[in-house]
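As the structure is a computational prediction, the values presented were derived from the model and not from experiment.
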Protein chains: 2
Amino acid sequence: MKAKTKTITIDGIDKKILRTLMEDARIPILEIARNVDISGAAIHQRLRKLEKSGLISGSKFIINPKILGYDTVAFIGVYLDKAVHNPEAIKQLKKVPEVLECHYTTGNWNVLIKILCKDNAHLMHLLNNDIQTISGVSRTETFISLDQQIDRQISI
Amino acid sequence: MKAKTKTITIDGIDKKILRTLMEDARIPILEIARNVDISGAAIHQRLRKLEKSGLISGSKFIINPKILGYDTVAFIGVYLDKAVHNPEAIKQLKKVPEVLECHYTTGNWNVLIKILCKDNAHLMHLLNNDIQTISGVSRTETFISLDQQIDRQISI
DNA sequence: GTTGAAAAGCCAAAACA
DNA sequence: TGTTTTGGCTTTTCAAC
């Protein structure tokens, strides 16, 4: 589909390396080496191959928002007035740090956003002062996450 | 709310450390040390404090699903027959590796899931063979993500 | 694609201000 | 909290297989 038709082949060892690092990005490469029983240098080369292929797009520290008092996740379906205004509305959404995800979607609304806030009062404030006020936003539907049961990456 | 009323205070240096590591978990601590102009050992001590507080909940390698042919993200609102069956349905959803997130939500449906699949055919197959077949699932509403514009963590 | 070894660099604890 | 020191590991590269 893209011009880049580079075929990436990953074998069982690559998978083991990736699975390990997907759970803990700071694990020493030599420890992986011991687990998969090849040399550290070999792991290193494989990682360079995987990085070059684009399969590995980085690593992140995961921080726990609850510790900072952020206890509420919500999904908000946003209806926009006119399609032509969408890019501007998205630009405004990017300025709201509580918006963690934003997707153009098929279906009833134009975009679906995921937001993280401290509590329901914070959520209401965000809706009234930061989301609804964006030019082009006509209506929203909010779904509060009561409990997240699954949170993971693609399985390889 | 929890028994653990440990007050965690993070200052500007902690924030700089965290922001750096949230973008690249494998950056050497000494490099952060050079950027924030304190010693590596001090960074190390701060990280131990932050880990102990629970604010840092780990690190992950981020892999790019597109390289493996996974191009389609969708959100699916799931209606369940009876609340009593929910835990069993969740258990079944956990067995579907394409389900990346699963939230009990307020609003029309009982749970909202986020799935990652290769294409629309794969999505349809998942819906017909893996989601709709789960006991207790009565109806679903699917919203395909046409384009994800924002993807980030909490800002600190 | 893998190895082993070597140089460079990093981590983590200790001792102390 | 912060720093410096220090020993032990890890990373990264490279010639050789």
Side-chain angles (χ1 to χ4, degrees), chain A residues 4-69 153-156, chain B residues 4-69 153-156:
Chain A
K4 193 185 196 175
T5 43
K6 180 94 166 64
T7 309
I8 162 97
T9 323
I10 62 173
D11 63 12
I13 294 176
D14 290 323
K15 286 185 183 174
K16 270 192 183 174
I17 297 170
L18 286 172
R19 285 200 199 105
T20 308
L21 286 167
M22 281 168 75
E23 293 202 349
D24 179 4
R26 280 190 85 88
I27 197 169
I29 285 175
L30 285 183
E31 200 171 321
I32 305 173
R34 283 190 287 274
N35 287 340
V36 304
D37 233 38
I38 60 174
S39 75
I43 304 260
H44 194 251
Q45 277 185 220
R46 280 168 179 270
L47 278 175
R48 298 211 337 153
K49 178 196 76 180
L50 292 170
E51 261 166 36
K52 218 177 109 207
S53 78
L55 181 54
I56 294 174
S57 57
S59 60
K60 288 190 164 58
F61 251 56
I62 306 302
I63 79 149
N64 180 0
K66 284 190 173 54
I67 303 294
L68 297 177
Q153 279 197 76
I154 187 176
S155 65
I156 56 170
Chain B
K4 192 185 197 174
T5 43
K6 180 93 167 61
T7 309
I8 162 94
T9 323
I10 62 172
D11 62 13
I13 295 177
D14 290 323
K15 286 185 184 175
K16 271 192 181 173
I17 297 169
L18 286 171
R19 285 200 198 105
T20 308
L21 286 167
M22 282 168 75
E23 293 200 351
D24 178 3
R26 279 189 84 88
I27 196 170
I29 285 175
L30 284 183
E31 202 170 320
I32 306 172
R34 283 189 285 274
N35 287 340
V36 304
D37 232 41
I38 59 174
S39 75
I43 304 258
H44 194 253
Q45 279 178 223
R46 280 166 179 271
L47 278 174
R48 299 215 331 158
K49 178 196 75 178
L50 292 170
E51 259 165 37
K52 218 177 107 207
S53 78
L55 180 54
I56 294 173
S57 58
S59 61
K60 287 188 165 60
F61 252 56
I62 306 302
I63 78 149
N64 181 359
K66 285 189 171 58
I67 303 293
L68 296 176
Q153 280 196 75
I154 187 175
S155 66
I156 55 169

Do B:Ile29 and B:Leu21 come close enough that some side-chain heavy atom pair is under 4.5 Å? no
How long is the straight-line distance from CD1 of B:Ile43 back to CD of B:Glu31, given to the nearest 0.5 Å? 11.0 Å
Quick one, A:Lys16 with A:Asp37, criterion salt bridge (charged side-chain N to carboxylate O under 4.0 Å, His left out). Give me CA distance, side-chain angles, the key distance, then yes/no. CA-CA 11 Å; A:Lys16 270 192 183 174; A:Asp37 233 38; over 6 Å; no
Point-to-point distance, once rounded to the nearest 0.5 Å, from CG of A:Leu68 to CD1 of B:Ile8: 8.0 Å
In Å and rounded to the nearest 0.5 Å, what is the NE2 to CD1 distance from A:His44 to A:Ile32? 11.0 Å
B:Arg26 side chain to A:Ile27 backbone, donor-acceptor under 3.5 Å: yes
First and last nucleotide of DNA chain C touching chain B, 5' to 3', heavy-atom cut-off 4.0 Å? C:dC10 to C:dA13
Spacing of A:Asn64 atom CG and B:Leu55 atom CG [to the nearest 0.5 Å]: 7.0 Å
Counting only non-hydrogen atoms, which of residues 23-47 of chain A are less than 4.0 Å from DNA chain D? A:Pro28, A:Ile29, A:Leu30, A:Ala41, A:His44
